[in-house]
Amino acid sequence: MDVYEAVASRRAVRRFSGEPIPRETLERVLSAAARTPSGANLQPWHVYVLTGAPLAELKKRTAERVAAGDPGDEREYQMYPSELKSPYRERRSAAAEQRYTALGISREDRRSREAAVAANWDCFGAPTALFCYIDRDMGPAQWADLGMYLQTVMLLLRAEGLHSCPQMAWSVYCRTVAGAVLPPPGLILFCGVSIGFEAPTACHDRIDRAPLAETVTFIDG
Ligand SMILES: Cc1cc2nc3c(=O)[nH]c(=O)nc-3n(C[C@H](O)[C@H](O)[C@H](O)COP(=O)(O)O)c2cc1C
């Protein structure tokens, strides 16, 4: 698969078939993703791959917390600035609107919206999930390295016919994830990434992007 095609066909898929992914495929993707660049080659990512019974157990434990109305663990990092200013605020609402319209969920239908959010903690039915950690004392540059790593993984997954959904939502229940993966002390969970084959019933929402001139400035003669 051509890189442009991998980039264009990657999207956050939120309905997976349960079809298992062969271990060799995951090893091929993660071995190739190890070539991701990072400042001073620190390679600051720590990745745990969960599948089978351990993932099923994690989903079950998290679902119990969600069902009990548990608001989650003390956050280890701020997902978004508390006051999201323009144009980010508008982009966030536009993306939510596009997503819920594609799902046929109205603004007033709070219960369906909550169910759509809760599907995060079932990994949207995916048979495999990665959990990406970073050392607590790493700074913004190393967090950027982690983002590059995750995008590399997600593009390589496309080359294998697989889809993914990155999920900061898992950081809400980071202690339950830690109970499943037992990370050494000093690591922060950045996000989970659900991985699988897209379900035939998945909705084909395509979230817009800002026009190039809004985010890129060419300075030339
Ligand atoms: C770091 C990161 C965290 C994300 N967390 C979540 C999440 O918790 N749940 C979710 O459904 N989507 C999550 N997303 C997916 C974004 O909502 C999605 O990438 C964005 O709306 C653009 O849509 P697209 O990826 O389908 O083009 C996350 C994406 C990134 C990059």
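Hydrogens, waters and symmetry mates are skipped; everything else that's a heavy atom, side chains included, is used. Bear in mind the structure is a predicted one, so any value in this text is a computation, not a measurement. Order of listing sets the numbers, starting from 1, for every ligand and every atom in it.
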**Asked** Can you tell me if W170 has a non-hydrogen atom under 4.0 Å from ligand 1?
**Response** no
Original post:
Among the clusters formed by ILVMFWY side chains lying less than 4.5 Å apart, do V13 and I21 turn up in the same one?
Top reply: no
One finds that the ligand 1 atoms under 4.0 Å from a non-hydrogen atom of I207 are 23 (O)
The protein heavy atom nearest to atom 1 (C) of ligand 1 is F190 CZ, 3.7 Å
Charged N to carboxylate O below 4.0 Å: is that the case for R28 and E160?
yes
Can you say whether the rings of Y149 and W45 are parallel (under 30°), tilted (30 to 60°) or perpendicular (over 60°)? parallel
Counting from 1 in the order shown, the ligand 1 atoms closer than 4.0 Å to a non-hydrogen atom of A12 are 15 (C), 24 (P), 25 (O), 26 (O)
Near F124 (heavy-atom distance under 4.0 Å), the atoms of ligand 1 are 11 (O)
Counting heavy atoms under 4.0 Å, the part of R209 that contacts ligand 1 is side chain
Within the structure, does M168 bring an N/O atom to less than 3.5 angstrom of an N/O atom in ligand 1?
yes
Quiz prompt | Charged N-O contact under 4.0 Å between R107 and E97 | solution = yes
Judged by heavy atoms only, the candidate from R11, R99, R14 nearest atom 17 (O) of ligand 1 is R14
Atoms of ligand 1 under 4.0 Å from any heavy atom of A169, numbered from 1 in the order shown, are 8 (O)
Residues pairing under salt bridge (Lys or Arg N to Asp or Glu O under 4.0 Å) where one sits in residues 128-156, two or more places apart or in two chains, turn out to be E76-R136
Minimal heavy-atom distance between F124 and C165, with the atoms involved, is CE1-SG, 3.8 Å
Aromatic contact between Y48 and Y133, with the criterion being ring centroids under 6.0 Å apart: yes or no?
yes
For atom 9 (N) of ligand 1, the closest protein heavy atom turns out to be N120 OD1, 2.9 Å
A student checking ligand 1 against R10 at a 4.0 Å heavy-atom cut-off should list atoms 24 (P), 25 (O), 27 (O)
**Prompt:** Is the shortest distance from atom 20 (C) of ligand 1 to a protein heavy atom below 4.0 Å?
**Reply:** no
Notebook entry, point to check: Side chains of S38 and Q142: do they bring a donor and an acceptor to under 3.5 Å?
Noted result: no
### Message
I'd like to know whether ligand 1 has R206 as a neighbour, heavy-atom separation below 4.0 Å.
### Response
no
Looking at S171, G192, P166, the heavy atom closest to atom 4 (C) of ligand 1 belongs to P166
Contact region, W121 to ligand 1, non-hydrogen atoms below 4.0 Å, reads neither
Note: P71 and V172 closest approach over all heavy atoms is O-CG1, 3.7 Å
_Taking the basic N atoms (NZ, or NE/NH1/NH2) and the acidic carboxylate oxygens, is any pair closer than 4.0 Å for R91 and E214?_
yes
